Structures are given as C-alpha cells and as structure tokens.
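Some notes on the structure that comes next.
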Amino acid sequence: PDATRVNSDYLALWCRSLVARSFFMARAKQTTMTTIAQPDILPLPVAMPPLPEQERAVTRVDALRRRIGDELLSTAKLMSLKAALMDDLLTGRVRTTPGGGN
C-alpha cells in the first residue's frame, strides 16, 4: 500500500474487520477451498482516517491484544492453581476443619 496514505498494519486490521470479511465472503468462490481473486479484492472500501489516527488505532489494538494475552496467561495460572488445590483437598493432603478454624 501507499505508505503516505495508509499504515500497512491499519490496513491489515481493516481487512480483518467484519465489514471487510463480509465483503470478501460475498465475493469468494467456494469449491473444495474458498478463494478470492485479486480483482474481487480491489473494490474493497477502506475507511481512511488521517495517518496519525490510523497509527493510534494500531497502537490501541496492539495494547488490547497484549492485555488479552496477559489476562489469558493469568487465567491459565489461576486454573492450574485451582486444580492443584482441589487435588490436595480431595486426596486429603490438606485437611480442612469445620468453620475454618485450626
């Protein structure tokens, strides 16, 4: 793409948007594998905000993706801890008393 008009990362994000995906699917040819020809891609309408706004959008999406990754990692660690604690409790390695006392 023309780097003076569009940020390539922004364009990639746009091509993954619901608008673009619907556009592509409407033009896709399906046989044993879904394909779309270059002439079918060229008329894709692309929202073209100013470059600084495109760059802010890319930065924001990258930050959100990192946050999602961090949250997924945290969730996986908590699930692992829960499984280990449940195993300890169910096998009797860790004893509990009624009312939470010692």
Side-chain angles (χ1 to χ4, degrees):
D2 179 357
T4 63
R5 297 187 58 220
V6 66
N7 176 302
S8 60
D9 292 327
Y10 170 82
L11 184 57
L13 288 172
W14 180 262
C15 287
R16 287 188 222 115
S17 73
L18 183 58
V19 170
R21 290 172 60 124
S22 296
F23 177 89
F24 294 143
M25 291 309 294
R27 287 156 183 75
K29 313 278 185 298
Q30 289 189 315
T31 53
T32 55
M33 186 169 74
T34 302
T35 61
I36 186 164
Q38 187 171 351
D40 294 326
I41 294 172
L42 292 176
L44 171 68
V46 177
M48 297 285 288
L51 274 173
E53 190 172 333
Q54 293 177 35
E55 291 161 5
R56 282 193 304 273
V58 169
T59 299
R60 178 68 188 220
V61 169
D62 287 345
L64 290 170
R65 285 184 175 155
R66 279 193 304 277
R67 173 81 187 269
I68 289 169
D70 292 346
E71 295 295 336
L72 288 171
L73 182 59
S74 178
T75 299
K77 287 178 182 178
L78 288 171
M79 295 297 288
S80 178
L81 178 61
K82 176 187 174 191
L85 290 172
M86 291 295 294
D87 186 58
D88 285 349
L89 290 170
L90 293 172
T91 59
R93 283 190 295 267
V94 173
R95 308 235 347 119
T96 61
T97 58
N102 288 328

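From a predicted model like this one, the values you see are computed outputs, not experimental measurements.
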Exercise. Decide if atom CZ of Arg60 counts as having more than 12 heavy atoms of other residues, nucleotides or ligands within a radius under 6.0 Å.
Key: no

Quiz prompt | Residues that Thr75 engages under side chain to side chain contact (heavy atoms under 4.5 Å, CB included), provided they are two or more places apart | solution = Met79

Quiz prompt | Any donor-acceptor pair under 3.5 Å from Gln54 side chain to Arg5 backbone | solution = yes

Self-check item: Which atom of Arg65 lies closest to which atom of Arg16, heavy atoms considered
Solution: NH2-NH1, 3.2 Å

Quiz item: How close do Thr91 and Asp88 get, heavy atom to heavy atom, and via which atoms?
Solution: OG1-O, 3.4 Å

Quiz prompt | Members sharing Leu72's hydrophobic cluster (side chains within less than 4.5 Å) | solution = Ile68

Exercise. Spell out, as yes or no, whether a donor-acceptor pair under 3.5 Å connects the side chain of Ser17 to the backbone of Trp14.
Key: yes

Quiz item: Going hydrophobic residue to hydrophobic residue with side-chain gaps under 4.5 angstrom, can you get from Met25 over to Val46?
Solution: no

Practice problem: Can you establish whether the number of heavy atoms outside Arg27 located under 6.0 Å from its atom CZ is more than 12? | Solution: yes

Self-check item: Results of side chain to side chain contact (heavy atoms under 4.5 Å, CB included) for Ser22 - residues two or more places apart only
Solution: Leu18

Exercise. Taking all non-hydrogen atoms of both residues into account, name the closest pair between Ala3 and Leu51 and its distance.
Key: O-CD1, 3.6 Å

Exercise. Would you name the heavy atoms of Cys15 and Leu44 that are closest together and state the gap between them?
Key: SG-CD2, 4.1 Å

Exercise. Nearest 0.5 Å please: distance from the CZ atom of Arg93 over to the CG atom of Leu85.
Key: 10.5 Å

